[in-house]
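Index from 1, following the sequence.
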Amino acid sequence: MIRLLTAFLIALMLAACGAESPTEPAEETEATQSQPDGDEVETASEGEQDVSTLPEVPGDGIDIQRYERHVQTLASDDYQGRAPGTRGGRMTIDYLVREFSEMGLEPGYGDSYLQPVPMIELTNAERSDIAVELDGESLTLSYPEQMVINSRRLGSEPHVVEDSEIVFVGYGIVAPEYDWNDYADLDVEGKTVVILVNDPGFATGDEDLFNGRAMTYYGRWTYKYEEAARQGAAAALVVHETEPASYPWEVVVNSWSGAEFVLESDESAPRVDLEGWLTVDAARELFSRAGLDYEAQKSRARQSGFTSVSLDATASAQVRNDIRRGTSYNVLAELPGTERPDEAVIYMAHWDHLGRNLARSGSDGIYNGAVDNASGTSGLLEIARLNAQAGAAERTQLFAAVTLEEYGLLGSRHYATDPVYPPGQTAAAINMDALTVLGPTHDVTVVGYGSSELEEILAEAAERQGRHIEQEPSPEAGYYYRSDHFNLAKIGIPALYAKGGVDHREKGREYGLEWQADYRANRYHKTADTYDGDWDFRGVAEDLELLYTVGREVSESDRWPEWYEGNEFRSIREESRR
C-alpha cells in the first residue's frame, strides 16, 4: 500500500507540473528500508526520493533454515572434508546435482550437470629432510617443524635435488611494469632459490611501490614457484612469516601434507623439482650459519636494484609421489535466458576442501571446511533457488560449483580453458568463498576493491539495506588472487568477490575484526573449521540477497559492466569483446 500510494502521489506531482504522461509505469519508491531488528533506517535525504530500479528479492528472500541445513550437511563428518576423488567428494557432487535438479534448473554442461576436470593426484610417499652443507658444517631442516617440501613433477621415481647451491633471490619477482627483476644477471639453473613471501610494497608500505600494502599477484607463492621454474631453478623455498603470509605455519603444514593435484592439461608445464616452505626461524638459522643477517638481507630485498646473494651452501633433498589419474567435476546448472540466452552471468563457489588426514590431527582428522567453503556453496544453492523462483532473466544465469580450489584454483582454471559461455559473452562473475557468519554488519567487504563497475551496482543494493561497501580490512593478504573468480578475471570477465564486513551492527567493528582474526588463527584450514550452532546467519541472509541483486540486475539488462581504467584485466576484456 505504501508503494502504491507513493507511486500515485508521484503521478499527481508530474501532472501538476504539466509533465507528459510516461509511457512506462512510474518507478516504485521507498523512503525507508526495514532492517532485521525492525528499526527503520533512512536511505534518502529529506526531500529526495529513492528511485532505485534494482530487482527485488523474490518471495521471503533467503531461507536461513534451508541455508543452515546445507551448511550442516556439507560440513558434516559424513562428507569427510569434501576432498576431490574421495567418497566425500562424490557425495558432495551428488548432493549438488540433486539440489539443482529439484530446483528445476537445467544441466549447465551440455546435457549434463557435470563438467569433467581431468586431474592427476600426487600423494607423498617419501619426503626427506633438507640436508644443508655449508663451510664444512651440516644443518638438517626437518618436516614439519622447520620446513615442508613437495613436488608437482610427474614420474614414479624420486625427485631429487643434490648438492644444489642455495641462493637468496629476495622476493623472486620479475615485473617489467614495476621495473623490478630479482633474477637480473643471475643464472639459477639447477640451484635452490630462497624467496620471501608477499611483495616489496607490503614490506615497505610505500604506496608507490607495487600496490603498497595490498598484495599483487607477484606476492603469491604460486607465482614465485612458476617464476623459479621459468628461471631454471631446481628447487624453490618460500620463507613463511605469519603477517605477510596472512596465516600461521600450521596452515602451511595442513595444506601441504595431504595429496596435491595438477590438471592433466598442465602435465607439460615447467616446474621445479622441489617446492616448499621454510619457517622464518629455520631461515634465520640458515642465514646465520652462512654468515648473513636475515633481517638485513630482507631489508636489502625491499629496495629497487636488489642483487641476489649466494649462501655458499648446498641443499640436498628428495620427494617421491604415488600417482593416480582421475577426474573430478565442476557442477554446472543454468537458467536459460529469455532474450539473450547466449550471454551469461556466472555465480560461483568452490565445493571442495582438504579432506581427511589422520597423520596430522589429534582428533578425527577431518577438515570439515564449514566456513571454507560449505558457507559459500550453500549460498550458491540459495541464490540459485531464488533465481529459479523469480523465473528466467533476459540473460542466462550459470551456477558453478567448482572443484579443486584448495589445490591451486584448478577447477575454475579448467572452466576458463573450457568455458560454457565464451569470455566475451559472459557479462559478469560473482564469487562466494568463506562467507561472514558473525552476524549483521553495517559494511560490505569488497575484496579487490576498486576493480569494476559491478561495485557500483553492489553499492546501490547495499544502500537499500542501509549499508555501505568498503575495501577488505587486510588487502595485504592478496585474497583477490586466492579464490576462483581470479581465473575468470584473467580471461577478462569482470568478477566480484564480496561478503559481509566487520562492523557488527550491535557489537561494533572491533568485535568483527577479532572474529576474523580468530578464524584465521584458529580455524582456517584446520580441523576446527566445523559448523557452530551459535553462528548468526542474519548477516549471511543480507549478503546473499545483495549478491542475488547484483547478478539479477546484470542478467535482466543489456549492460556490460567494465573493469575500471587502469585495471590489469581491462585490455583482456576489450579484446574478448571484439
> Taking NZ, NE, NH1 and NH2 as the nitrogens, is one of them in K490 or E568 under 4.0 Å from a carboxylate oxygen of the other?
Replying inline: no
>> Looking at R271 and E226, is any side-chain nitrogen of the basic one under 4.0 Å from a carboxylate oxygen of the acidic one?
In response: no
Is the shortest heavy-atom distance from the side chain of [X] to the side chain of [Y] under 4.5 Å?
X: R320; Y: E157; answer: no
X: T403; Y: L410; answer: no
X: D484; Y: D433; answer: no
X: N150; Y: R127; answer: yes
X: H414; Y: P118; answer: yes
X: I430; Y: I346; answer: no

Is it the case that the side chain of [X] and the backbone of [Y] share a donor-acceptor pair, with hydrogens and angles ignored and the cut-off at 3.5 Å?
X: N254; Y: K526; value: no
X: S128; Y: Q318; value: yes
X: T377; Y: A349; value: no
X: D129; Y: A131; value: no
X: Q115; Y: D418; value: yes

>> List the residues meeting side chain to side chain donor-acceptor pair (under 3.5 Å) with Y479, not counting sequence neighbours, and say none if there are none.
In response: none
> Does the cation-pi check pass for R300 over F306, that is, NZ or CZ under 6.0 Å from the six-membered ring centre and within 45° of its axis?
Replying inline: no
>> Against the six-membered ring of W515, is R523 placed for a cation-pi contact (under 6.0 Å from the centre, within 45° of the normal)?
In response: yes
> Looking at Y95 versus W351, is the centre-to-centre ring distance below 6.0 Å?
Replying inline: no
>> Suppose we call two aromatic rings close when their centres sit under 6.0 Å apart. Are Y449 and Y480 close by that rule?
In response: no
> side chain to side chain contact (heavy atoms under 4.5 Å, CB included) between T327 and M119: does it pass, once the steps are laid out?
Replying inline: CA-CA 5 Å; T327 302; M119 64 181 184; 5.8 Å; no
> For H353 and E406, what are the C-alpha separation, side-chain angles and deciding distance, and is it a side chain to side chain donor-acceptor pair (under 3.5 Å)?
Replying inline: CA-CA 6 Å; H353 199 52; E406 301 290 6; 3.0 Å; yes
>> Would Y67 and L435 count as a side chain to side chain contact (heavy atoms under 4.5 Å, CB included) here? Give the steps.
In response: CA-CA 12 Å; Y67 173 85; L435 300 186; 3.7 Å; yes
